[in-house]
Participant: 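Quick one: the structure is below, and I'll ask about it shortly.
The first residue in the sequence is number 1, and the count goes up from there. From a predicted model like this one, the values you see are computed outputs, not experimental measurements.
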Amino acid sequence: TDFVAKNDDFKALVAKLAEMVVSQNPADVAAPSAMKIGDKTVEAFRTELVGKIGENMSLRRFVRINAQGKLASYVHGGAKIGVLVDVAGDDALAKDIAMHIAASKPKALDATGVSQELIDSERRVASQKAAESGKPAEIVAKMVEGSVAKFLKEVTLLSQPFVKDDKQTVEQVLKSKGSQCHGFTLFIVGEGIEKKVSDFAAEVAAAAKV
């Protein structure tokens, strides 16, 4: 919540964790819990902070980047969206690219980074729509591939229209500034957490039978 995100103790713990990830290079997201801050483990600090603030919290994910250029960062919406982007060249442009990523939410840098699962899903949807057109098979096949190609342009950073100048793609803007983007990370609060959906009426009915 915003209350936790603005808490000084929470921010201090997160900053310390970030330093530890850089210096100690933990193997996975579970490893930092056993690391020490003074004479206490990170897990002990987390438990104490949960009791102090009154809201549960856990370390879900982190990324450690060996940048080829310089890292630019951008946080949006009261820490709801966070971006790290690795750009070699124009530092001011790197910040703008980070803001673009927060706004446009690309899935990957280019088509090679889009998961096959996501492409297959898009192809299935496109195939179903194209089949309903009643056109010959060879035309349907072209329609499907066209839809997939359009999808890849929409979800890859370098192919997206730049938010500050939509007449150019991000790739074109980078080239015009003699710059290159080597990668990015986009974190959105709550992303990947499956929310439990309950039927309140059913719960009440079940409780009444007890």
Participant: Flag the pair Met99 / Val163 as yes when at least one side-chain heavy-atom distance between them is below 4.5 Å, and no otherwise.
Facilitator: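 Counting from C-beta outward, Met99 and Val163 never come under 4.5 Å.
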Participant: Crowded around Glu138 CD? As in, over 12 foreign heavy atoms under 6.0 Å?
Facilitator: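 Yes, CD of Glu138 has more than 12 neighbouring heavy atoms, counting only those of other groups under 6.0 Å.
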Participant: Nearest 0.5 angstrom please: Ser147 OG to Lys129 NZ, how far?
Facilitator: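 Nearest 0.5 Å value for the OG-NZ distance: 7.5 Å.
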Participant: Keeping the roles fixed (side chain from Gln168, backbone from Asp165), state whether a donor-acceptor pair exists under 3.5 Å.
Facilitator: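 Absent.
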Participant: Evaluate the criterion side chain to side chain contact (heavy atoms under 4.5 Å, CB included) for residue pair Val189 and Ile81; output intermediate values, then yes/no.
Facilitator: CA-CA 6 Å; Val189 171; Ile81 298 174; over 6 Å; no
Participant: State, to 0.1 Å, how close Ala31 and Asp28 come at their nearest heavy-atom pair, and which atoms those are.
Facilitator: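 Where Ala31 meets Asp28 most closely, the heavy atoms are N-OD1, 3.0 Å.
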Participant: Enter the distance from Ser159:OG to Phe151:CZ here, rounded to the nearest 0.5 Å.
Facilitator: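 Output value for this atom pair is 12.0 Å.
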Participant: Are Gln180 and Lys175 close enough, and set up right, to give a side chain to side chain contact (heavy atoms under 4.5 Å, CB included), and what steps lead you there?
Facilitator: CA-CA 7 Å; Gln180 187 175 0; Lys175 285 183 178 178; over 6 Å; no
Participant: How long is the span from the OG1 atom in Thr156 to the CG atom in Leu109, to the nearest 0.5 Å?
Facilitator: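 Nearest 0.5 Å value for the OG1-CG distance: 8.0 Å.
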Participant: So, for Pro26 and Phe62, which heavy atoms are closest and what is the spacing to 0.1 Å?
Facilitator: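 Closest approach of Pro26 to Phe62, heavy atoms only: CG-CZ, 3.6 Å.
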Participant: Say you draw a straight line from CD1 of Ile101 to CG of Leu157; how long is it, rounded to the nearest 0.5 Å?
Facilitator: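 These two atoms lie 5.0 Å from each other.
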Participant: Could you tell me whether the side chain of Ser176 and the main chain of Leu174 form a donor-acceptor pair under 3.5 Å?
Facilitator: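 Pair absent, no side-chain N/O of Ser176 close to backbone of Leu174.
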Participant: Between OH of Tyr74 and CG of Asp96, what distance do you get to the nearest 0.5 Å?
Facilitator: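 It is 10.5 Å, given to the nearest 0.5 Å.
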Participant: Set out, in order, the CA-CA distance, both residues' side-chain angles and the distance that settles side chain to side chain contact (heavy atoms under 4.5 Å, CB included) for Val87 and Val85, then state yes or no.
Facilitator: CA-CA 6 Å; Val87 173; Val85 61; 3.7 Å; yes
Participant: Just wondering, do Thr169 and Leu158 contact through their side chains at under 4.5 Å, heavy atoms?
Facilitator: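 No, every pair of side-chain atoms sits at 4.5 Å or beyond.
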Participant: Determine whether the side chains of Thr1 and Glu55 contain a donor N or O and an acceptor N or O closer than 3.5 Å.
Facilitator: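 Distance-only check passes for Thr1 and Glu55.
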Participant: Step by step, would you call Val75 with Phe187 a side chain to side chain contact (heavy atoms under 4.5 Å, CB included)?
Facilitator: CA-CA 10 Å; Val75 176; Phe187 283 152; over 6 Å; no
Participant: If I compare all heavy atoms of Ser104 with all of Gln160, which pair ends up nearest, and what's the gap?
Facilitator: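 Of all heavy-atom pairs spanning Ser104 and Gln160, the closest is CB-OE1, 3.4 Å.
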Participant: Is it true that Glu43 and Arg46 have a side-chain N and a carboxylate O under 4.0 angstrom from each other?
Facilitator: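 Salt bridge between Glu43 and Arg46, a charged N being under 4.0 Å from a carboxylate O: yes.
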Participant: Is atom NZ of Lys11 surrounded by more than 12 heavy atoms (other residues, nucleotides or ligands) closer than 6.0 Å?
Facilitator: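 Counting neighbours around NZ of Lys11, more than 12 heavy atoms of other residues, nucleotides or ligands fall under 6.0 Å, so yes.
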Participant: Roughly how far, to the nearest 0.5 Å, is the NE2 atom of His76 from the CD1 atom of Ile188?
Facilitator: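 These two atoms lie 10.5 Å from each other.
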Participant: Is it true that a side-chain atom of Ser127 and a backbone atom of Arg123 form a donor plus acceptor pair closer than 3.5 Å?
Facilitator: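 Yes, the answer is positive, given that a donor and an acceptor are paired below the 3.5 Å cut-off.
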Participant: Test: salt bridge (Lys or Arg N to Asp or Glu O under 4.0 Å). Region: residues 67-86. Which pairs qualify, not counting sequence neighbours?
Facilitator: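 Output for this query lists Asp2-Lys80, Lys70-Asp91.
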Participant: Mark yes or no for whether Lys95, through its side chain, and Ser73, through its backbone, hold a donor-acceptor pair below 3.5 Å.
Facilitator: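 It does hold such a pair.
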Participant: Considering non-hydrogen atoms only, spot the tightest contact between Ala34 and Thr41 and give its length.
Facilitator: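 Heavy atoms of Ala34 and Thr41 come nearest at O-CG2, 4.0 Å.
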Participant: Looking only at atom types and distance, does a side-chain atom of Ser133 sit under 3.5 Å from a main-chain N or O of Ala130, one as donor and one as acceptor?
Facilitator: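 Answer holds: yes.
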Participant: Please say whether more than 12 non-hydrogen atoms of neighbouring residues, nucleotides or ligands are located less than 6.0 Å from CD in Gln128.
Facilitator: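 No, because the 6.0 Å sphere around CD of Gln128 holds 12 heavy atoms or fewer from other groups.
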Participant: Linking Ile, Leu, Val, Met, Phe, Trp and Tyr through side-chain heavy atoms less than 4.5 Å apart, which residues share a cluster with Ile37?
Facilitator: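 Direct or chained contacts put Ile37 with Phe3, Val4, Phe10, Leu13, Val14, Leu17, Met20, Met35, Val42, Phe45, Leu49, Val50, Ile53, Met57.
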Participant: Between Arg61 and Glu191, is a salt bridge (Lys or Arg N to Asp or Glu O under 4.0 Å) present by the stated rule, with each step listed?
Facilitator: CA-CA 11 Å; Arg61 52 191 172 165; Glu191 185 179 38; 3.5 Å; yes
Participant: Can you list the other members of the hydrophobic cluster that holds Met143, where links are side-chain heavy atoms under 4.5 angstrom apart?
Facilitator: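 Listed partners: Ile139.
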